[in-house]
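Everything below concerns the one structure shown next.
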Amino acid sequence: MSTAAPAPKANMGQPVPRYDGVAKVTGHAQYAADVPLANPAYAYLVTSSIAKGRIDGFDLTEAKTMRGVIDIFTHENAEKLKEIKFFSNGGYASTTIVPLNSPEIAHEGEIVAVVVAETFEAARDAAHRVKVKYTAETPTTTFDSPGTTSARAKGQNAMFKEDPKVGDFANAFDQAEVKFTATYETPTQHHNPMELFATSCVWNGDQLTIYEPSQFVYGLKNGVAQQLGIDADKVRVINAYVGGAFGSKGSTTPRTAIIASLARRLNRPVKLVASRDQGFTIATYRAETRHDIQIGASRDGRLVALRHEGEEISSRADAYCVGGTKTTTRLYACPNVDSLVSIVRADRNTPGFMRSPPEVPYVFALESAMDELAVELKMDPIELRRVNDTTKEPISGKPYTSRSLMACFDEGAKTFGWDKRAATPKSLADGDWLIGYGCATACYPTQMGAAAARVRLQRDGRARVEIAGHDLGTGAYTVIAQAAAERLGIPYEKVSVSLGDTRLPPAPVAGGSNSTASTCSAVITVCDQIRHRLFQALMPNETLADKAKETVGVGQTPASKAEQSGQPLDREKAFDALGVSAIEEYGEWKPEGAPKDSLQALHSGLVRMVGGPDLGGKIAYAFGAEFVELRVNRFTHEIRVPRLVGAFAAGRIMNPRTARSQLMGGLIWGMSSALFEATELDERYARYVNDNLADYLVPVNADTPSVDVILLSETDEHIDPAGVKGLGELGNVGTAAAVCNAIYNATGQRIRKLPVRLEKIEV
Ligand code: MOS
């Protein structure tokens, strides 16, 4: 055990090393663009330099004469691809904008041509010589730009189901002893996963193989098949490893079908590795948001009225929104709640999911407001949360399956040394540095989707697990191997795992932090099928227990009394009784409350995720408490964060090592979202300015000297067979508020618009 591999507490698995660790650090792990192809042609994208208008024509003369150029495709000669439904409306697509289908331009950086050449360098060189003639119109960029249109989100986007409300907000706010109102803003941000947006397409007769980093291989397979108008079973997507994704690789982006179509036309494998700057516009991003928060409270700190109104930017074509009010309206006890989310349309590429999409911006607003309220009430901010802690969500009174929020605050506060905080701003200093302490709540919905898996157990105790899950660097291989090892009673080292291939049984999109819960529950279900066969072989006369009474979780096989007694399985004896050397089982698991067609839909690459605010009449969330120590230089206004502490509870922790890494990354990103990250917009051209890793700031080691993750023991029997809540996106929720709360504590200045840069500090 070590800092990186914390000793497991109750209801935690072992901190075994990563399954894919050696392959990755030795360079053996093959990412999509690493896969060698036979005689590939290389594609390079040309993207639009205008945000709105149309293409009048191309001058390809110079580009075409470049040595090695095979062909150049534009809307004038490319295949017209079929339109597919938007992801947030139950389809596959990241955007319904289809490049190369028409001369119309919907956003800056839209794909307008693809150069294909014998080498990457030739394709890139020629791409820079493609001349596009445009008629440009003035675009609308962001909030308050002339020409935006705004409308209520409900009804525009199928994933955004409601504007939660309860009681009589207006009246309660009016009567409240203490009233608080403020506006908060968060900027545009881009995911920038280390692995670029790469796609290789290889045709073998009418069979297409796609190598592409994806959070959802079944979705990509079906989405591309629809665009090409071919049978989905002719398409195979392979990606054993994904070099980061954070939401940007969850839906089908336009590039894949374009490359597949060109490969078919040229009758040759085509490989694309889009550049870093192109990644800002050919995929999705976190859109800027605005929030109006109104809170009415009694003098003792109890919330009596809460209103959260959010506005988000989306494209003209698509009504994307994150809609975090489903979380912020349910986080604390409050009898009168109101909310409204609106989508503001501008001439931009369609935004999308980015790590903790709803919670990062919306919880920033709420948790900043809670801190401001604590100041007004002269209350300790942790005590304010304690007074408003609840075991039932206030909108429809559903009980939380478990909620360790205050336990997280208490543990975190102890480790952090919260008692050393000075309540009055500017009262703690170290030389030229003003010191501030801040805290905030972290929370993330427990979500899951139906999943299938295939498991083979051999007589000699080796096992193989096959599931089209995805390891985004998160530890999916590791926890899936652990789940199988635990259930089959064999060592972790004896389990091999295959992921990321549509030839394997389907798993849901690796998004919404559902992967561990969904894939491990499916794997446990299938392992139980194997155990059941083995027990039956040993005791053929044992009657099966009544299924309804004795099974755990949907989809599991009935357990015999022998199995349930917990007696150890004599594996070799059972195999000998069966007369076989291996057993292979395919099985499916469906979460409680999931629609009947969940598995059929999943095979077609569609997800019916359940959980969060509604899990079979209950509400399921993981929680955390985050603490920030921050220093502001009195003279230079430089901001430093010497310490981050987070305490988290998320049901069963499959592996404290991988869990700690996830949460540590989350804390760092959360801090970064407050102090570093912002995509700067040139409002004249609706263009992203800092579209590279030199100008798009992210923290480095020197910016994060100490990050402490505390894992709390929590058992939740109301969620899924694995008992897992999921924590991939928990860590970066609330952190931005904790940072701004610490800035206030250090300086007395409240900053409500992110990112915080030194020029905003006025002390
Ligand atoms: Mo995550 S933004 O749900 O991939």
Side-chain angles (χ1 to χ4, degrees), residues 87-88 92-95 157 159-160 186 188-195 197 212-220 239 241-253 279 283-287 289 312 314 320-324 326-327 350-364 442-449 451 468-476 499-500 507-519 605-613 620-622 650 662-663 665-666 669-670 672-673 677 724-733 735-736:
F87 193 90
S88 296
Y92 306 107
S94 66
T95 176
N157 173 323
M159 277 178 87
F160 182 83
T186 64
T188 316
Q189 296 178 339
H190 277 80
H191 322 63
N192 279 309
M194 218 188 312
E195 185 186 19
F197 295 98
E212 176 177 315
S214 168
Q215 290 172 259
F216 193 20
V217 288
Y218 269 74
L220 186 59
N239 68 341
Y241 302 101
V242 183
F246 316 111
S248 67
K249 295 165 181 169
S251 47
T252 303
T253 65
T284 59
Y285 60 98
R286 195 195 294 283
T289 66
E312 308 178 22
S314 191
Y320 179 80
C321 83
V322 297
K326 66 169 184 273
T327 292
T350 303
F353 308 98
M354 179 162 148
R355 200 175 188 183
S356 331
E359 284 73 21
V360 162
Y362 282 73
V363 172
F364 162 67
C443 61
Y444 196 80
T446 298
Q447 304 184 96
M448 58 214 99
H470 314 80
D471 196 319
L472 318 174
T474 45
L499 305 178
V509 57
S513 299
N514 87 89
S515 273
T516 304
S518 308
T519 59
L606 298 167
V607 177
R608 311 270 188 263
M609 208 103 85
V610 298
Y621 271 71
Q662 276 295 110
L663 292 164
W669 195 347
S672 169
S673 75
E677 287 188 54
V724 164
K725 281 185 172 175
L727 46 70
E729 292 164 279
L730 176 61
N732 60 327
V733 179
T735 334

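Counting starts at 1 for both ligands and their atoms, in listed order. Heavy atoms only: backbone and side chains are in, while hydrogens, waters and symmetry mates are out. Numbers here simply count residues along the sequence, with the first being 1. Small disclaimer: the values here were computed from a predicted structure and weren't measured.
- Atoms of ligand 1 lying under 4.0 Å from any heavy atom of Phe353, numbered from 1 in the order shown and given with element: 2 (S).
- Taking only nitrogen or oxygen atoms, main chain and side chain alike, Gly511 does not reach within less than 3.5 Å of ligand 1.
- Remark: the backbone N or O of Glu729 is paired with a side-chain donor or acceptor of Ser513 at under 3.5 angstrom.
- At a 4.0 Å cut-off, not a single heavy atom of Gly250 sits close enough to ligand 1 to count as contact.
- You'll find the ring centres of Tyr320 and Phe87 outside the 6.0 Å limit.
- Tyr362 and Thr289 share no donor-acceptor pair across their side chains, judged by distance under 3.5 Å alone.
- Remark: minimum distance from atom 1 (Mo) of ligand 1 to any protein heavy atom is reached at Glu729 OE2, 3.0 Å.
- Using a 4.0 Å cut-off to heavy atoms of Phe246, the atoms of ligand 1 that qualify are 2 (S), 4 (O).
- Between Thr95 and the options Thr253, Thr284, Thr350, a side-chain hydrogen bond (donor to acceptor under 3.5 Å, both in side chains) holds for only Thr350.
- Side-chain contact of Tyr444 with Glu359: a donor-acceptor pair under 3.5 Å is absent, judged by distance alone.
- Here is the list of ligand 1 atoms found below 4.0 Å of a heavy atom in Arg355: 2 (S).
- Using a 4.0 Å cut-off between heavy atoms, Ser513 makes no contact with ligand 1 at all.
- Of the possible polar contacts, one joining the His470 side chain to the Val217 backbone as a donor-acceptor pair under 3.5 Å is found.
- Looking only at atom types and distance, the side chain of Asn239 has no donor-acceptor partner in the side chain of Ser214 under 3.5 Å away.
- Side-chain N or O atoms of Gln215 include one that pairs as donor or acceptor with a backbone N or O of Lys249 at under 3.5 Å.
- For Met354, no nitrogen or oxygen atom sits less than 3.5 Å from a nitrogen or oxygen atom of ligand 1, counting backbone and side chain alike.
- Interface of Pro357 with ligand 1, defined as ligand atoms under 4.0 Å from a residue heavy atom, comprises 2 (S).
- Here the heavy atom of the protein found nearest to atom 4 (O) of ligand 1 is Gln215 NE2, 2.7 Å.
- For atom 3 (O) of ligand 1, the nearest protein heavy atom (residue, atom name, distance) is Gly512 N, 2.5 Å.
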